[in-house]
Amino acid sequence: MHGRVDQHQGGQGVGARLPRKEDDRLMRGRGQYVADIRLAGMQDVAFVRSPLAHARIRGIHVPEIYRDRVFTAADLVDVNPIRAVSGLPGFKISEQPVLATGKVRQVGELVAMCVAPTRAEAEDIAAAVVLDLEELPAVSDMLQARSPGAPLVHEHWGDNVFLETNFEVDISAALDAPIKVSREITTARQCMAPLEGRGAVASFDHRLDQLTLHTAAQMPHINRTGLAECLGMDQGRIRVISPDVGGGFGQKGILLPEEVCLSWLTMRLGHPVRWIEDRRENLTASANCREHHYKITLYADRNGKLRGIDCEATVDSGAYSSYPFSACLEAAQVASILPGPYVMPAYRCRTFSVATNKCPILPYRGVARTGVCFALELMLDLVAAEAGLEPGEVRLRNLVRPEQMPFDNITNKHFDSGDYPQALQRALKAIDVDALRARQARGEPDGRRIGLGVSIYCEQAAHGTSVYAGWGIPMVPGHEQATARLTPDGGLELRVGVHSHGQSMETTLAQVAHEMLGVDVANVRIILGDTAMTPYSTGTWGSRAAVMAGGAVATACGDLGERIRRIGAKLLQQDIADVEFVGGEVRGVSGSVTLREIAHTWYRRPQDLPPDVDPGGLEVTSGYKPQRDSGTFSYAAHAAVVAVDPDLGTVEILDYVIVEDGGVLINPMVVDGQIFGGLAQGIGTALYEEMPFDAAGQPLATTFADYLLPGPTEVPAPRLDHMETPSPYTRFGVKGIGEGGAIAPPAAIANAVNDALRPFRAELMRSPITPHRVVEAVIAAQDAGRAAA
Amino acid sequence: MKPAPFDYARPRDLDAALTLLGNNASAKVMAGGQSLGPMLNLRLAQPEQIVDITAIDELKLAEISGDELVLGACITHADIEDGRVPDVTGGAMRGVAANIAYRAVRNRGTLGGSLSHADPAADWVSVLTALDARVALRSTSGVRQVALGDFIVGALQSCLKSGELVTAVHVPKRAATAQWGYIKTCRKTGEFAHGQCAVLIDPTTASARIVIGALDAAPVVVAEPAELFGGRIDANYKTTFDVRVADRLLGDAGIVDAAQRHIHVTVMQRALREAA
Amino acid sequence: MSALALTVNRRAVDCAAEPRTSLADVVRDHLDLTGTHLGCEHGVCGACTVLIDGVPARSCITFAAACQGAEVTTIEGLDDDEIAAELRAAFTREHALQCGYCTPGMLVSARDLVLRLPDADERAIRVGMSGNLCRCTGYVGIVRAVMSVIAARRARGIAAEVGAGRTALGPVGSGHGAAASETQAAPKPVAAPLAAPTAGATIADFTPSTIIEQSFEVEHPPREVAALFTDVAAVASCLPGVVLSSDDPANITGEIRVQVGPIAAQFAGVARLERADDGLSGRIIGGGQDRRSRSATQGEIRYQLMPLAGGDATRVELTIGYTLTGLLAQVGRSGLVRDLARRLVDEFAANLSRKLSGQPSAPGAAARELDGLALLLSVLRARLPRWLGGTSRS
């Protein structure tokens with residue numbers, strides 16, 4: 001399936017498989033990540049963090065010699081706590097002091113800030129600070145946190161529930177269905193673990209009267225807004241610069257208390273300060289993700305047709321509501337997206353966002369969809385078994401059909417376009433279900449068990465105002481702007497408010513510009529990640545950058561092109577209606593003038609322009625909003641074949657097929673890369689990654705030897721097939737696809753493992769599927785079998 | 001994640017190293033630092049002094065002496081993997097070395113360091129116990145040799161005394177009739193094993209050394225291996241292996257979790273199946 | 001600070017660094033070669049991989065001082081390297097990088113594979129690259145790129161370099177510099193006081209996170225055993241590693257020193273003894289803190305004495321519960337506790353039995369504090385990550 005014919009081969013515009021502009025510097029070690037920034041007089045910061053999950057602070061003892069190097073909440077009296085409030089009714093507010101006051105509510109919570117010439121010395125000082133803590137009972141299990149009498153994370157709430165939501169469409173209509181399957185399903189707490197951790201360098205520019213914060217962040221403009229709120233400063237006095245960023249995946253979409261602390265500290269001390277997060281901090285204290293629990297029932301007719309879903313979902317939100325996404329986004333999203341791409345007449349979902357004594361969770365690539373897909377797709381396999389159908393067949397009977405598009409589903413999600421059954425059928429054909437069933441019947445020579453799993457999802461991406469306004473959180477995306485500027489020598493500069501942390505925006509946005517203006521991508525400079533240089537943007541998250549920033553760049557380049565054309569017409573002394581702008585030059589009947597000539601004339605030789613020329617110039621900021629802002633719906637069908645060793649519990653992925661529809665692809669190579677990378681993370685969710693805590697709320701995976709990221713031998717090269725159904729609402733028909741790769745794999749792999757273990761009657765309903773859990777399930781099933789016999 | 005400060009010495013000869021160790025009970029020996037380095041960075045280990053022994057030429061010697069191979073403590077996994085040192089184990093050690101952690105770690109990680117660290121999941125701990133190797137230990141007060149089975153006394157616990165260090169490993173020549181099998185099961189490549197078994201079995205002499213590693217404590221050396229094979233070790237050992245006896249043995253060793261026991265028994269069975 | 005001479009990217013450099021400074025921090029902070037990235041600082045992720053004496057090594061867990069006189073090549077030094085150039089072309093063609101953070105280490109490791117393994121198939125390449133983690137690409141492009149470079153060089157008939165040309169034995173980077181027998185002293189920061197302020201400290205009841213039940217029998221009547229349990233000093237001496245500063249049963253103070261491999265912890269704290277009126281049951285409850293690791297523990301030993309053999313012997317039933325919090329708790333998982341605790345209780349029991357028979361305690365129990373088999377030791381071990389010898393997790 002590789003080697004798809006590229007219609008734009010050799011071209012540079014939308015659809016071209018173009019090598020990346022950013023590669024060279026990164027491959028030569030010349031990227032500039034936040035830890036690479038060197039400022040004169042810069043000192044390092046290390047934090048004293050809470051060793052306990054829940055405790056009252058009785059005292060913080062600082063050795064006399066370090067008095068002027070250590071700062072606590074008592075010093076930061078003028079700093080406001082981080083508040084990320086949701087407007088949803090009933091949401092309970094958490095206030096997160098940037099340095100703990102009174103109480104600590106999670107291991108790793110910041111208690112004191114220590115500054116020294118090097119990180120090592122700052123850690124020495126931190127080690128000398130003595131915390132006098134009175135341990136309080138902690139709650140580290142979200143179900144326990146919901147039960148009466150549980151320790152309270154925020155006492156004044158009276159319980160531990162940030163938010164409860166209810167959504168129902170006539171569930172009573174489903175209750176008499178002949179097939180009814182119920183399970184409890186759990187997804188482990190994970191850490192996004194980009195290879196680069198967080199980090200910040202703060203300094204103050206007295207000339208501009210401006211605080212400058214370099215930070216590894218996905219949403220620099222949002223960080224600036226949040227910083228201003230905490231520091232009580234005008235936003236104009238703050239500049240946030242996000243340099244090269246070593247992966248984000250959601251973990252860098254938050255305002256960190258560390259960022260606020262560093263900003264305060266540089267203003268207090270008068271010299272630059274930096275904090276570079278280490279791996280232990282990253283795993284245990286920054287942000288976790290993904291921890292869901294489902295009590296779910298599916299109702300269906302004998303023919304496998306879904307009658308309804310009834311679900312109670314709980315999400316462990318951790319101790320604090322994180323800025324800007326809040327503690328409720330994930331669970332509330334569960335309710336709205338659980339039905340996935342399936343049609344059903346009845347639905348009920350109740351959700352709980354629960355506070356525990358653990359670090360906050362953040363939306364990780366796929367956000368709630370990965371958990372939702374895991375729950376629903378595992379349940380669909382059970383429905384298939386009850387109905388005596390192939391898993392593929394039960395899905396085909398329930399998927400939304402192409403002739404229904406655009407389609408409003410039971411939770412009012414507006415599907416823009418696509419052919420879901422076709423994607424699934426292609427995947428089933430590629431994986432060859434019949435051959436696989438025959439192989440299963442034959443058995444394997446090495447005694448392993450083969451299993452097939454499929455899963456399918458839809459990914460609402462590039463969410464707009466209409467989607468987010470309802471959440472009422474601190475950030476609501478709206479329009480997206482870009483600035484396009486022609487340089488005096490005819491080069492193009494683009495300034496865009498989103499950021500790139502692996503997504504290849506420097507290349508794909510240049511391709512969009514090339515599509516619009518014909519400028520060689522080598523002559524396009526992309527400026528990202530700097531609040532002083534780029535238009536305001538909510539940043540890169542929610543698979544929105546290609547749709548929104550791509551649309552903004554296209555619009556800005558289109559508008560710039562129009563100005564170029566007008567000036568060109570003047571230079572050609574022709575009527576505007578008689579010239580066209582193609583191939584990087586303005587052409588009329590009398591001749592042509594190049595972009596370079598136009599730029600040179602405009603900037604360097606204005607005397608050559610007629611007096612009535614539009615003085616607007618060759619710099620344009622324009623905005624973009626899709627025709628409908630309810631989001632694009634990309635989707636994919638995944639099919640996995642695994643071999644399970646029932647004695648060792650190991651799972652090997654033998655074959656993996658993905659059929660993806662992300663609308664029109666700006667750069668298919670980049671899209672493939674996003675899907676491959678998403679798959680690797682999905683495999684991590686399925687088989688390897690887990691952030692466990694003990695009953696006292698102590699995190700137990702603090703290194704990469706405990707928290708296992710998949711390596712080259714754990715991730716297969718999948719077979720990837722694309723469909724390209726354009727979105728009817730977006731520029732070029734592009735859809736967001738950045739997250740999708742990570743959504744379906746846990747479900748497909750778990751279904752495959754369960755299929756392999758069906759002869760043993762063993763069943764796994766939680767992630768990750770570890771060797772121990774597999775063997776445990778097999779033994780339990782055998783014991784149950786013996787007991788029944 | 002930076003270490004607490006420590007003093008550092010890199011002596012050229014063994015006597016100087018032993019004197020340093022003898023003078024400071026809080027000194028810690030470091031060879032390649034591939035186990036100690038992470039613990040220092042995490043500040044889990046905070047020794048006052050590091051004595052770097054990698055400049056001592058004597059600890060990098062590798063030679064066959066009589067019927068045994070003597071490998072200096074500072075011989076690396078990569079030295080063994082690449083065949084830069086002689087072999088008396090019929091390639092067994094080379095195969096093991098090639099699958100320890102990762103190449104970049106093997107280029108610095110040493111045999112002596114790995115054994116001194118006494119990690120029960122480390123390959124050499126089980127493998128060299130099965131190969132019946134001995135370690136040479138030295139301090140200012142003298143030299144002694146200890147069988148590897150006696151050297152490791154628990155998780156991260158060896159019988160090294162204060163001021164003493166491992167200078168060499170003595171590996172006996174593997175008999176031509178002895179068959180070797182080694183299996184480990186890891187959640188991912190290069191990570192530490194959660195199941196590990198090394199087998200040196202000789203049907204012609206009806207003897208076997210079977211070592212179960214990656215347990216919670218020191219490796220288990222099966223005391224009466226014949227019991228695993230219905231009382232007799234012969235050429236049919238691959239089929240006479242009795243999983244129930246193995247399971248009981250692991251239960252006696254204190255492994256209460258049935259799934260864990262099952263994984264260990266499976267690994268043992270496969271190490272035997274692989275033995276050749 | 002001590003003087004350090006290295007050859008970095010073919011250039012001789014001299015700098016001053018503390019002994020604790022890693023090679024990675026020296027190239028990044030002293031030489032401003034920031035292409036070497038830190039991803040974990042414990043040797044797992046591979047982002048910091050550089051060439052030392054021509055072969056790859058982890059610069060995050062290699063101390064610069066240990067590389068005195070060695071030849072170091074960072075990614076910046078591979079600009080003109082033939083294999084690196086081929087790899088760069090292949091990496092960009094195959095989209096083998098996204099965020100780029102792992103890329104320098106990835107290229108250094110890939111270069112070594114290309115040099116050593118001209119016959120590597122896809123599986124061998126995957127295994128060979130397994131010490132380098134990438135969070136973005138799913139390794140698809142990386143594997144394809146390395147395969148293509150290997151295939152191209154094989155087609156050109158370029159032979160393998162065994163061990164990447166290395167002939168010397170021992171850790172790479174070692175053995176070049178002069179001896180540093182005179183210890184390079186590091187300035188020591190002010191340390192947190194190790195002893196906990198115990199005055200007025202309260203011993204709260206707690207819910208143990210782990211409970212172990214064990215029992216053993218001794219050939220002494222319950223009364224004698226009960227008497228021993230009133231003797232704080234005697235009981236303490238049966239627990240290796242315990243040193244008391246006060247044996248007042250209502251306010252016992254002291255510390256437990258434990259050594260697990262290179263980890264040394266010193267928990268200072270308080271305990272108290274409680275017993276039933278008949279003396280046949282009771283408990284020791286206490287807690288302590290290790291300031292250095294910001295860790296704390298609480299533990300209790302409940303005992304119940306049952307007469308056996310007509311009262312001539314006693315069955316001692318112990319219920320041991322504990323919690324551990326802080327750094328030492330955050331480096332692993334539970335699991336092997338029971339196995340180790342059984343050993344602890346065996347030793348505790350053996351020592352109690354010896355004490356009752358008037359024999360000296362286990363060989364030098366008090367002197368053996370640093371090898372102590374205190375309850376904490378088993379706790380610590382149970383909590384260690386696997387690479388430190390901890391148990392596997394489910």
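Please read all numbers here as calculations on a predicted model, not as lab measurements. Values reported hereafter were calculated over all heavy atoms of this structure, with side chains retained and with hydrogens, waters and symmetry mates removed. Residue numbering restarts at 1 for every chain, and letters A, B, ... go by the order of the sequence lines.
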>> For the residue pair A:Arg365 / A:Gln674, report whether a side-chain donor-acceptor contact shorter than 3.5 Å exists.
In response: yes
>> I'd like to know if A:Asp36 and A:Arg30 make a salt bridge, using a cut-off of under 4.0 Å between side-chain N and carboxylate O.
In response: no
> Hey, are A:Asn357 and A:Gln106 close enough side-chain-wise for a donor-acceptor pair under 3.5 Å?
Replying inline: no
> Of the backbone (N, CA, C, O) and the side chain (C-beta and beyond), which part of A:Pro716 lies under 4.5 Å from a heavy atom of chain C, both, or neither?
Replying inline: backbone
> Do you know which of A:Pro710, A:Pro194, A:Gly247, A:Gly684 has the most heavy-atom pairs under 4.5 Å to chain C?
Replying inline: A:Pro710
>> Less than 4.5 Å to any heavy atom of chain A: does that hold for the side chain of C:Tyr101, its backbone, both, or neither?
In response: both
>> So for A:Val245, is it side chain, backbone, both, or neither that comes closer than 4.5 Å to the heavy atoms of chain C?
In response: backbone
> Is any NZ, NE, NH1 or NH2 atom of the basic residue among C:Asp25 and C:Arg28 found under 4.0 Å from an Asp or Glu carboxylate oxygen of the other?
Replying inline: no
>> Checking A:Thr703 against A:Arg279: is there a side-chain donor and acceptor pair closer than 3.5 Å?
In response: no
>> At a heavy-atom distance under 4.5 Å, which candidate from A:Ala193, A:Pro137, A:Gly741, A:Pro19 has the highest pair count against chain C?
In response: A:Ala193
> Based on non-hydrogen pairs under 4.5 Å, which of A:Leu283, A:Val670, A:Asp244 is most in contact with chain C?
Replying inline: A:Val670
> Most heavy-atom pairs under 4.5 angstrom with chain A, which of C:Arg123, C:Arg20, C:Glu122, C:His37?
Replying inline: C:Arg20
>> Counting heavy-atom pairs closer than 4.5 Å to chain A, which one of C:Gln298, C:Glu41, C:Arg126 comes out on top?
In response: C:Arg126
> Heavy-atom distance under 4.5 Å to chain C: side chain of A:Leu52, backbone, both or neither?
Replying inline: side chain
> Charged N to carboxylate O below 4.0 Å: is that the case for A:Glu690 and A:Arg773?
Replying inline: yes
> Given that the side chain runs from C-beta out, which part of A:Ala35 has a heavy atom under 4.5 Å from chain C: side chain, backbone, both or neither?
Replying inline: both
> For A:Leu709, is it the side chain, the backbone, both or neither that has a heavy atom under 4.5 Å from a heavy atom of chain C?
Replying inline: both
> Between A:Phe249 and chain C, which part of the residue has a heavy atom less than 4.5 Å away: side chain, backbone, both or neither?
Replying inline: side chain
> With only heavy atoms counted, which part of A:Leu131 is less than 4.5 Å from chain C, the side chain, the backbone, both or neither?
Replying inline: both
> Heavy-atom distance under 4.5 Å to chain A: side chain of C:Leu107, backbone, both or neither?
Replying inline: side chain
> Without hydrogens or angle criteria, can the side chains of A:His499 and A:Ser242 be said to hold a donor-acceptor pair below 3.5 Å?
Replying inline: yes
>> Let's test your reading of the structure: which of C:Gln98, C:Glu94, C:Arg93, C:Glu76 forms the most heavy-atom pairs below 4.5 Å with chain A?
In response: C:Gln98
> Looking at C:Cys45, C:Cys40, C:Gly35, which has the largest count of heavy-atom pairs under 4.5 Å with chain A?
Replying inline: C:Cys40
> Do you know which of A:Ala695, A:Pro768, A:Gly673 has the most heavy-atom pairs under 4.5 Å to chain C?
Replying inline: A:Gly673
> With respect to chain A, which residue among C:Thr36, C:Thr325, C:Thr103, C:Asp32 yields the maximal number of heavy-atom pairs within a distance under 4.5 Å?
Replying inline: C:Thr325
>> So which residue, C:Ala96, C:Ala296, C:Cys136, C:Gly46, ends up with the most heavy-atom pairs under 4.5 Å with chain A?
In response: C:Cys136
> Among side-chain atoms of A:Gln190 and A:Tyr364, is any donor-acceptor pair under 3.5 angstrom?
Replying inline: no
> A:Ser504 and A:Arg20: side-chain donor and acceptor closer than 3.5 Å?
Replying inline: yes
> A:Arg38 versus chain C, heavy atoms under 4.5 Å apart: side chain, backbone, both or neither?
Replying inline: side chain
> Charged N to carboxylate O under 4.0 angstrom, A:Asp24 versus C:Arg88?
Replying inline: no
>> Counting heavy-atom pairs closer than 4.5 Å to chain C, which one of A:Ala680, A:Gly31, A:Gly197, A:Gly246 comes out on top?
In response: A:Gly246
> Is any NZ, NE, NH1 or NH2 atom of the basic residue among A:Arg69 and A:Glu121 found under 4.0 Å from an Asp or Glu carboxylate oxygen of the other?
Replying inline: no
>> One pair to check against side chain to side chain contact (heavy atoms under 4.5 Å, CB included): C:Cys15 and C:Val26. What are the steps and the verdict?
In response: CA-CA 8 Å; C:Cys15 55; C:Val26 164; 3.9 Å; yes
> Side chains of C:Thr74 and C:Asn9: do they bring a donor and an acceptor to under 3.5 Å?
Replying inline: yes
> Quick one: what part of A:Arg49 sits under 4.5 Å from any heavy atom of chain C, side chain, backbone, both or neither?
Replying inline: backbone
